[in-house]
Amino acid sequence: MNSLLNPEIIRSNFSITGYGSNFIEVNKKRWDHSCIVSTFAEPKLWKPTEISQIDQEDLRSVVELRPDVMILGTGNKQYFLPPDLRTFERIETNAIDKFLNEKSHNPADYLSIECMTTHAACRTFNILAAEGRMVVAALLISNEKEL
C-alpha cells in the first residue's frame, strides 16, 4: 500500500510527502533505509534497522538536533524503547555530556520519545510540522511485509 500525504499545509523546510511498506518520501525524495527527518535540517541516514539495535549513541544523533518533539517510527508494528532510553535531557549548551545521566526535578528539562508505527509517525510528523513545531522523527524502515 502506498499513501500520499497532502503537503499544502506544511510550513516547514521538510515534510513527509509519502510512504509505503518499505520506504518514505521526504520532499518527494524516496528513502529506502532508516533515516532521521527534521522539519528544519536535511534528512540523514540512520544506522538502526530495528528497535533492538537502538542505543544511546543512535539517540544522541537525534537529540543533537534539539527538537521540541521527538518521534520514533518503529516499522510496521508499534514497539517501545526500553525505559532507560525513553526519556533524555534536553540539550542546551554543553549538556550533551550529561545525556541520560541525571534526573531533574523539572519535567520541562526532559524530552520523551513518542513511539509509534512508521506510518503513524509520518502522519504525526506532518501534523506537528503544520503547527510550526520543531519536530524530529527517527524512522525505521522495515523489511517486513504488510498484512
Side-chain angles (χ1 to χ4, degrees), residues 1-5 10 12-92 94-131 133-147:
M1 174 176 113
N2 292 336
S3 296
L4 293 176
L5 300 176
I10 306 300
S12 64
N13 292 336
F14 300 95
S15 63
I16 297 173
T17 53
Y19 58 81
S21 61
N22 295 354
F23 75 95
I24 65 161
E25 284 184 356
V26 179
N27 289 6
K28 298 190 180 190
K29 178 183 174 193
R30 186 178 172 116
W31 289 79
D32 296 317
H33 191 277
S34 299
C35 57
I36 298 171
V37 181
S38 165
T39 54
F40 49 87
E42 287 284 335
K44 62 183 181 178
L45 290 177
W46 200 40
K47 180 183 68 173
T49 57
E50 58 186 57
I51 197 157
S52 64
Q53 297 171 341
I54 298 173
D55 60 23
Q56 286 186 1
E57 282 301 311
D58 297 318
L59 292 176
R60 183 184 304 266
S61 62
V62 180
V63 173
E64 287 174 341
L65 292 171
R66 299 180 182 173
D68 292 334
V69 180
M70 191 168 146
I71 302 168
L72 173 63
T74 61
N76 292 331
K77 296 180 184 174
Q78 183 179 19
Y79 299 100
F80 293 97
L81 287 169
D84 63 318
L85 295 178
R86 289 183 196 162
T87 304
F88 43 88
E89 189 171 2
R90 289 185 185 273
I91 295 179
E92 298 303 330
N94 295 327
I96 193 76
D97 297 329
K98 297 191 299 186
F99 178 77
L100 281 173
N101 291 334
E102 299 175 14
K103 294 295 180 195
S104 168
H105 291 67
N106 183 357
D109 291 341
Y110 288 86
L111 183 63
S112 294
I113 185 164
E114 303 298 328
C115 299
M116 57 193 74
T117 67
T118 295
H119 293 174
C122 291
R123 294 186 299 268
T124 302
F125 178 92
N126 281 352
I127 290 168
L128 294 171
E131 293 175 355
R133 307 286 297 274
M134 292 181 65
V135 184
V136 174
L139 303 171
L140 297 174
I141 304 300
S142 174
N143 291 326
E144 297 175 17
K145 298 276 189 212
E146 277 190 312
L147 299 177

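Predicted model, so just to flag it, every value in this text is computed and none were measured. Computed over heavy atoms, backbone and side chain alike; hydrogens, waters and symmetry mates excluded.
- Looking at every heavy atom in both residues, Leu111 comes nearest to Met70 through CD2-CB, 4.1 Å.
- In this structure the side chain of Phe125 reaches within 4.5 angstrom of the side chain of Val37, judged on heavy atoms.
- In this structure, the separation between CG on Asn22 and CZ on Arg30 is 8.0 Å, given to the nearest 0.5 Å.
- With a 4.5 Å cut-off on side-chain heavy atoms, Val26 and Lys29 do not count as touching.
- At distances below 3.5 Å, at least one donor-acceptor pair connects side-chain atoms of Thr74 with backbone N or O atoms of Met116.
- Residues Ile54 and Leu59 form a side-chain contact, since some pair of their non-hydrogen atoms from C-beta on lies under 4.5 Å apart.
- At a threshold of 4.5 Å between non-hydrogen side-chain atoms, the residues Phe80 and Ile51 do not count as touching.
- Here the shortest heavy-atom pairing between Arg66 and Met134 reads O-CE, 4.4 Å.
- A 4.5 Å side-chain heavy-atom check between Trp31 and Ile141 finds every atom pair outside the cut-off.
- Rounding to the nearest 0.5 angstrom, the gap separating the NZ atom in Lys28 from the OG atom in Ser15 is 9.0 Å.
- Using a 4.5 Å cut-off on side-chain heavy atoms (C-beta onward), Lys47 and Ser61 make no contact.
- Judged by distance alone, with hydrogens and angles left aside, the side-chain atoms of Trp46 form no donor-acceptor pair with the main-chain N or O of Leu140 at under 3.5 Å.
- Annotation for Ser34 and Pro48: closest pair OG-O, 2.8 Å, computed over non-hydrogen atoms.
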* Audit row: Arg123, Tyr19, side chain to side chain contact (heavy atoms under 4.5 Å, CB included) steps and yes/no -> CA-CA 10 Å; Arg123 294 186 299 268; Tyr19 58 81; 2.8 Å; yes

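- How far OG1 of Thr117 is from CG of Leu139: 10.0 Å, rounded to the nearest 0.5 Å.
- Side-chain contact between His33 and Thr49 is present, with heavy atoms from C-beta onward closer than 4.5 Å.
- Applying side chain to side chain contact (heavy atoms under 4.5 Å, CB included) to Ile71 and the options Val62, Thr118, Leu128, Val136 leaves one that passes, Leu128.
- Rounding to the nearest 0.5 Å places CG of Leu72 at 11.0 Å from CZ of Arg86.
- Atom CG of residue Leu85 and atom SG of residue Cys115 lie 9.5 Å apart, to the nearest 0.5 angstrom.
- Here the straight-line distance linking atom CD1 of Ile127 with atom SG of Cys122 works out to 11.5 Å at 0.5 Å rounding.
- The two residues Arg133 and Val69 make their nearest non-hydrogen contact at NH2-CG2, 3.1 Å.
- Looking at Thr39, its side chain never comes within 3.5 Å of a backbone N or O of Phe14 through a donor-acceptor pair.
- Panel note: side chain Asn27, backbone Asn13; a donor-acceptor pair is recorded below 3.5 Å.
- Across all non-hydrogen atoms, the minimal contact from Gly73 to Ala121 is CA-CB, 3.8 Å.
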